[in-house]
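So the structure is just underneath, and the comments pick up after that.
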2 protein chains.
Amino acid sequence: MVEDIVKSLGFLCLGSRFRRIGERLQADTQRIIEEFGVPIQSAQYPFLAAIDRAGPLTTGQLAQAVGITQPGATRIISQLQELGYVDMQTSVEDQRRKLVSLTPKGRELVDFSKRLVWPRIERAVSELCDDLPGPILEQLTAIESRLADAPLANRGKFDKEQKS
Amino acid sequence: MVEDIVKSLGFLCLGSRFRRIGERLQADTQRIIEEFGVPIQSAQYPFLAAIDRAGPLTTGQLAQAVGITQPGATRIISQLQELGYVDMQTSVEDQRRKLVSLTPKGRELVDFSKRLVWPRIERAVSELCDDLPGPILEQLTAIESRLADAPLANRGKFDKEQKS
DNA sequence: ACGTATTATATAACTTGTTATACAATTTGT
DNA sequence: ACAAATTGTATAACAAGTTATATAATACGT
């Protein structure tokens, strides 16, 4: 057995570690989605959930809601459009904006998912995170809000002792 | 302002959320690496650290040490080879194995990084994670070890009440 | 000892994110 | 009112992971 260097290095490799856990969770979530025979990728689901929750949104708003960049959002939206789950129409007041909304097929998929797929995923992930030594979601929120306040590169420039 | 759907959905989108935090951290770490003018990607660093710590390793051992798949490791190793930081030699006992080791240039980079770059990154990330409401690294370890025990798809198949 | 199974690495095609940039529509300043 | 700046979306090139599969070397069973 080889040492898990990313784990051993701790804070130094936290980015790699978050990412690999995220990738693993997304892949495993995909397995659950497939159990239900839903022909969708796990990365596409948050877009449907966002529109379901907030009504038609523009590309930029969706990117913001899902927390990825606009070009990434553009691509996923066009995939969902190809699959027939959403359609887009240019806004009348501002023709630069494209409003993305659920088609009837998309509505049906969301309703089915809310009833069966999402609860199943949520139960699996809750069980995975059950009895962790701390409130994991709160900590993620704290990390993200700290990163929004100041990028990592502005932190820890000097040893703690030297500060102020 | 648009609601952060990934945050709002909590456990349901934990995979996306871990992944986006990881990507953000890796991108920010890259900025710090660039401050030092080191011509390397943040994803390549763990490979150098693994060899530094454990001596020459095969491609497969490196993949395991870093926690990614073998094809991913193969690619990063050949990048490091192109950059002149590592070289490979087929093992004499088993000619399928390729042993990856640091070149003098790689050794120099690792020594410089251990002295200046890695402590800087570690301080930044520690500060970021300072005073979180829980031991974040321990929780990540717990999540990873639970995932290694049983994939997500085997969890939460029934409501808690129905279990046994 | 020789055919078959296994193991280690390489390669191809894909996924899901990124940054940089182009282009069209709107807004702003004079 | 119109030139310049800004904003919203699209596109291209890239990064870093994935799965599936090929190929070569080794190990195993009869």
Side-chain angles (χ1 to χ4, degrees), chain A residues 2 6 13 15-31 33-34 39-47 57-64 66-83 88-100, chain B residues 2 6 13 15-31 33-34 39-47 57-64 66-83 88-100:
Chain A
V2 182
V6 170
C13 290
S16 295
R17 200 164 181 200
F18 263 96
R19 190 175 172 163
R20 82 182 186 190
I21 295 174
E23 259 151 12
R24 173 73 193 269
L25 286 175
Q26 275 191 317
D28 280 17
T29 299
Q30 191 63 43
R31 298 291 90 72
I33 292 170
E34 281 159 10
I40 210 177
Q41 302 296 122
S42 56
Q44 297 167 340
Y45 250 144
F47 286 77
L57 292 170
T58 67
T59 301
Q61 289 172 323
L62 276 169
Q64 240 195 295
V66 174
I68 66 171
T69 56
Q70 170 262 312
T74 296
R75 181 151 37 79
I76 291 191
I77 292 164
S78 56
Q79 290 167 354
L80 288 171
Q81 196 177 18
E82 299 248 314
L83 290 165
M88 292 170 74
Q89 59 187 111
T90 40
S91 150
V92 259
E93 323 88 74
D94 183 344
Q95 302 198 321
R96 289 168 304 181
R97 301 189 163 199
K98 304 275 185 72
L99 274 170
V100 183
Chain B
V2 183
V6 169
C13 290
S16 295
R17 198 161 182 206
F18 263 97
R19 193 175 169 161
R20 83 182 186 189
I21 295 174
E23 259 150 12
R24 173 74 194 269
L25 285 175
Q26 274 192 316
D28 280 17
T29 299
Q30 191 64 45
R31 299 291 89 73
I33 293 171
E34 282 160 10
I40 209 176
Q41 302 298 121
S42 57
Q44 297 168 341
Y45 251 146
F47 286 77
L57 292 171
T58 66
T59 300
Q61 290 172 322
L62 276 169
Q64 241 194 295
V66 175
I68 66 171
T69 56
Q70 170 262 311
T74 296
R75 182 152 36 79
I76 291 192
I77 291 164
S78 54
Q79 290 167 353
L80 288 171
Q81 197 177 18
E82 299 248 315
L83 291 166
M88 294 169 75
Q89 58 188 110
T90 39
S91 149
V92 258
E93 323 87 75
D94 183 343
Q95 302 199 321
R96 290 170 304 182
R97 302 189 162 199
K98 305 273 184 75
L99 275 170
V100 183

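Everything quoted here is computed from the prediction, not taken from an experiment. The figures here come from the full heavy-atom set of this structure, side chains too, leaving out hydrogens, waters and symmetry mates. Sequence lines set the chain letters: A, B, ... in the order given, protein chains first and strands last, and positions in each chain run from 1.
With rounding to whole Å, A:Gln44 atom CD is found 10 Å from C:dT15 atom C1'. In this structure, the CZ atom of B:Arg24 is 15 Å from the C1' atom of C:dT19, given to the nearest Å. Between the P atom of C:dT15 and the OH atom of A:Tyr45 lies a distance of 18 Å, rounded to the nearest Å. In this structure, A:Gln26 atom CD and C:dC14 atom C1' are separated by 15 Å, rounded to whole Å. Atom CZ of A:Phe18 and atom C1' of C:dG17 are 17 Å apart (whole Å). For the pair A:Arg75 CZ and C:dC14 C1', the interatomic distance rounds to 11 Å; values are reported in whole Å. Rounding to whole angstrom units, CZ of residue A:Arg97 and C1' of C:dA24 are separated by 15 Å. Atom CD in B:Glu34 sits roughly 11 Å away from atom P in C:dT19 (whole-Å rounding).
Place B:Gln95 and A:Pro71 on DNA chain D by their nearest nucleotides, and A:Pro71 ends up nearer the 5' end. Each of A:Asp94 and A:Ala27 was matched to the nucleotide of DNA chain D holding its nearest heavy atom; the match closer to the 5' end belongs to A:Asp94. When each of B:Arg31 and B:Arg19 is assigned the nucleotide of DNA chain C bearing its nearest heavy atom, the one mapping closer to the 5' terminus is B:Arg19. With DNA chain C read from its 5' end, the first of the two nearest nucleotides for B:Ser16 and B:Met88 is the one closest to B:Met88.
B:Gln61 comes within 4.0 angstrom of no nucleic acid atom, judged by non-hydrogen atoms across all strands. Among the atoms of the strands shown, only primed sugar atoms or phosphate atoms (P, OP1, OP2) are found under 4.0 Å from some heavy atom of B:Thr59. Base engagement by A:Gln70 is indicated by at least one non-hydrogen atom pair under 4.0 Å involving a base atom. At the heavy-atom level, B:Glu93 lies under 4.0 Å from the strands shown only through sugar-phosphate atoms. In this structure, A:Ser78 reaches neither bases nor backbone, as no heavy-atom distance under 4.0 Å exists between it and the strands shown. If you check every strand for non-hydrogen atoms under 4.0 Å, A:Arg20 touches nothing. Nucleic acid contact class of B:Gly72 (heavy atoms, under 4.0 Å, all strands): base.
Donor-acceptor pairing under 3.5 Å is recorded for the side chains of B:Thr74 and B:Gln70.
Paired with A:Gln41 under the rule side-chain contact (heavy atoms from CB on, under 4.5 Å), one option of A:Gln30, A:Gln79, A:Gln26 passes, and it is A:Gln30.
Side-chain contact check for A:Ile33 versus A:Ile40: some heavy-atom pair is nearer than 4.5 Å. Using a 4.5 Å cut-off on side-chain heavy atoms (C-beta onward), A:Gln89 and A:Val100 make no contact.
Taking side-chain N and O atoms only, A:Gln41 has no distance below 4.0 Å to OP1 or OP2 of C:dT15.
Scanning all heavy atoms of the two residues, the minimum distance from B:Gly22 to A:Phe18 falls at CA-CB, 3.5 Å. Closest approach of B:Ala43 to B:Ile76, counting heavy atoms only: O-CD1, 3.9 Å.
Side chain of B:Arg20 to backbone of A:Val66: a donor-acceptor contact under 3.5 angstrom is found.
Checking C:dT16, C:dT11, C:dT7 against the side-chain heavy atoms of B:Arg96 singles out C:dT7 as nearest.
Under 4.0 Å is where a charged nitrogen must lie from a carboxylate oxygen, and between A:Arg31 and A:Glu34 at least one such pair does.
Nucleotides of DNA chain D with any atom under 4.0 Å from a heavy atom of chain A span, from 5' to 3', D:dT7 to D:dG17.
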